[in-house]
There are 2 protein chains.
Amino acid sequence: MPDNSKSQQKTAEKDLSAQIAQAIRDAILSGDLVADDRLPSEAELSDTYGVSRPTVREALKRLAAQSLIRTKRGASGGAFVHRLSYPEAYSQLATTATLLLSLNEVDFATACRARFALERGCAPLSAQNRSVDHLAAMRAEITRQSQPGLSDEAFCASDVAFHRALVDGASNPVLSWHLAGAVEGMQPLMNMITFRNRDRAEIVALHIRITDALEARDAALIDQFLNALCTVTLRQAEASEALHAQKNSGAPI
Amino acid sequence: MPDNSKSQQKTAEKDLSAQIAQAIRDAILSGDLVADDRLPSEAELSDTYGVSRPTVREALKRLAAQSLIRTKRGASGGAFVHRLSYPEAYSQLATTATLLLSLNEVDFATACRARFALERGCAPLSAQNRSVDHLAAMRAEITRQSQPGLSDEAFCASDVAFHRALVDGASNPVLSWHLAGAVEGMQPLMNMITFRNRDRAEIVALHIRITDALEARDAALIDQFLNALCTVTLRQAEASEALHAQKNSGAPI
DNA sequence: TCCCCATAAATGTCAGACAATTAAATCGTG
DNA sequence: CACGATTTAATTGTCTGACATTTATGGGGA
């Protein structure tokens, strides 16, 4: 009764390697396979699923690309269920975020509002849990940002580091992970903005106020200044955009 | 001077397929390849990089697993740079989040605080942008949650839908993406909690208040109730944990 | 006892072939 | 000349078999 082979059904019309990868992925996500468990060897898997070894290997590479497994060569080697580390998770999130924003026509304002909304959510926890180290890190970045003649790139990097320290103040790695991804993913969009000296001064001034508010553990004040920072950033992006549009329409021909 | 082949350097000691995947990934992320661009055929790639076709295929499967490319068979087929859709990005984020939490010994409290911190960040935007549709969706979920005899699973699902509607109210797809991933990733941890009837009533009551506050566009009130909801959830998780611990220590033997 | 080396197991890589699919070119016919 | 059916070519999907490389393990010799 069950039509075994041909299957004009739409159940799983994908590649064999994709099907096998999905099967193993399900086993991992459901907990059937736990961290550091060893998967069967490629030869055994190809036997189990009735496919050739290259096909199994393609499936394993798919899983490796998602950091679900890691492989080791040699005797007692093989594929093992991988315990995802925070740096790896951070990197994956950043990649996904970058793609989502850059390939998907997300405008800067939307991404920017999202980023500041998330960051404002961190403020109360950060006010509660921040240590002097976080304050020191933020003030160090403020000093760097204040240097004249800093490249836009360096200014942006320092800005990221400042906000990262602010978020890390919440002492919640999951929160840091989300925010790091959001900020990192925005970098390509952020790099299209040109910060004039006057704009930088405005930003640095707000950074100082935010740091002071964090030192005083005043969440409401942080929230307010972050909001102001969001507004300022949006305004500058708009100005920068207008500048580019002008350059692109006026200069040529 | 540049030792070309053997390379005892640590520059790129990885697999060939990983190196090739990285090269193509960089080309995509840097914008050299844009959405819907066609990559060279597998034969051309294997020629370009001086490796065999199976190796190239493994590299392409890695990229396909990250939704960076999609492939099509037949003449004029090939690998194309893929425009990541929100549902795909959402699915990837959820997978990463689930792995990060479940395989990495993240305790429920940390994940829960992160989730509510992010959600509180959405509150102001949601209060500003929510439509009547969002309110209706939330009230519909409240009705469902209030039904007696609902399974824990169904209750959780409704809870997720409620919060999703709340976040969608911000009308910011990037924000929705982040929150959806955070909430979805927490599901396995959430499912370990048993909600007693009294607890459910408490949660539903807060949901009602949150919806009312959203209708009134009162961001501060939403924030306050979300905070309360976080506290309640944490308390219930603690109680549930204690219950499990008791079961695991008392029942056996 | 300790060190060196052969062995085996596993992944990494290659080469070549065939199957399946799909778009486009070709050809035949009205 | 136009239009539809057929052939063709290009490309991915899969298989087979082989060899290279890495690494733990065990045995033999100093």
Side-chain angles (χ1 to χ4, degrees), chain A residues 3-24 33 36-82, chain B residues 3-24 33 36-82:
Chain A
D3 92 282
N4 47 357
S5 57
K6 271 312 157 195
S7 85
Q8 53 198 4
Q9 297 178 323
K10 298 183 178 178
T11 49
E13 286 293 320
K14 302 177 292 188
D15 299 7
L16 288 179
S17 68
Q19 292 176 37
I20 294 169
Q22 189 59 51
I24 299 175
L33 292 167
D36 298 330
D37 271 3
R38 183 180 175 283
L39 272 64
S41 72
E42 295 175 355
E44 289 174 286
L45 286 174
S46 65
D47 198 46
T48 301
Y49 289 103
V51 298
S52 67
R53 211 175 70 124
T55 302
V56 166
R57 280 182 62 78
E58 288 179 7
L60 293 179
K61 294 313 172 198
R62 292 180 116 105
L63 299 176
Q66 297 184 308
S67 296
L68 274 111
I69 63 171
R70 91 194 95 88
T71 56
K72 214 181 65 169
R73 294 175 70 164
S76 82
F80 298 84
V81 178
H82 183 56
Chain B
D3 91 280
N4 49 357
S5 58
K6 271 311 157 195
S7 87
Q8 52 198 3
Q9 297 179 323
K10 298 183 179 178
T11 48
E13 286 292 321
K14 301 177 291 186
D15 300 7
L16 287 179
S17 68
Q19 293 177 38
I20 294 168
Q22 189 60 51
I24 299 176
L33 293 168
D36 299 328
D37 271 3
R38 183 180 175 282
L39 272 64
S41 71
E42 296 176 353
E44 288 174 289
L45 286 173
S46 66
D47 197 47
T48 301
Y49 290 103
V51 300
S52 67
R53 201 163 76 98
T55 302
V56 166
R57 281 183 62 78
E58 287 180 8
L60 293 180
K61 293 313 170 196
R62 293 179 115 108
L63 299 176
Q66 297 183 309
S67 297
L68 273 106
I69 63 172
R70 89 193 99 88
T71 56
K72 217 181 62 167
R73 294 175 72 166
S76 82
F80 299 83
V81 178
H82 182 57

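Everything quoted here is computed from the prediction, not taken from an experiment. The sequence lines fix the lettering, A, B, ..., with proteins before strands; numbering per chain opens at 1.
Rounded to whole Å, the distance from CG on A:Asp47 to C1' on D:dT14 is 17 Å. Whole-Å rounding puts the B:Leu63 CG to D:dT12 P distance at 14 Å. Rounding to whole angstrom units, OH of residue A:Tyr49 and P of D:dC15 are separated by 14 Å. Going from atom CG of A:Asp15 over to atom P of C:dA19 covers 19 Å, rounded to whole Å. Between the CZ atom of A:Arg70 and the C1' atom of C:dA10 there is a distance of 15 Å, rounded to whole Å. To the nearest angstrom, C1' of D:dT22 lies 14 Å from CD of A:Glu42. Computed from coordinates, the B:Leu16 CG to C:dT11 P distance equals 17 Å when rounded to whole Å.
Here the closest non-hydrogen pair linking A:Val81 and A:Arg70 is O-NH2, 3.1 Å. Closest heavy-atom contact between A:Ala64 and B:Arg62: CB-NH2, 4.0 Å. The two residues B:Gln19 and B:Lys14 have their closest heavy-atom pair at NE2-O, 3.1 Å.
The structure places NE2 of A:His82 at 12.5 Å from CG of A:Leu63, a figure rounded to the nearest 0.5 Å. Here NZ of B:Lys61 is found 5.0 Å from CG of A:Asp15. Values are rounded to the nearest 0.5 Å.
Within 3.5 Å, a donor on the side chain of A:Arg73 pairs with an acceptor on the base of D:dT21, or the reverse. The base of C:dG16 has none of its N or O atoms less than 3.5 Å from a complementary donor or acceptor on the side chain of B:Arg53.
Nearest-nucleotide assignment on DNA chain D puts the 5′-proximal partner with A:Glu58, out of A:Lys72 and A:Glu58.
Side-chain N/O atoms of B:Arg57 include one lying less than 4.0 angstrom from OP1 or OP2 on D:dG13. Residue B:Thr55 places at least one side-chain N or O under 4.0 Å from the OP1 or OP2 atom of C:dC14. Note on A:Lys14: every side-chain N or O is 4.0 Å or more away from OP1 and OP2 of D:dG13. For B:Thr71, a side-chain nitrogen or oxygen approaches OP1 or OP2 of D:dG13 to under 4.0 Å.
Residues A:Leu39 and A:Ile24 are in side-chain contact: their nearest non-hydrogen atoms beyond the backbone lie under 4.5 Å apart. No side-chain heavy atom of A:Leu45 sits under 4.5 Å from any side-chain heavy atom of A:Ile20.
With C:dG12, D:dG13, D:dT16 as the candidates, the nucleotide lying closest to the side chain of B:Lys61 is D:dG13.
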List every contact pair, protein side and nucleotides 3-10 of chain D side both N or O, where the distance is under 3.5 Å.
| from | atom 1 | to | atom 2 | distance (Å) |
| --- | --- | --- | --- | --- |
| D:dA10 | N3 | B:Ala75 | N | 3.3 |

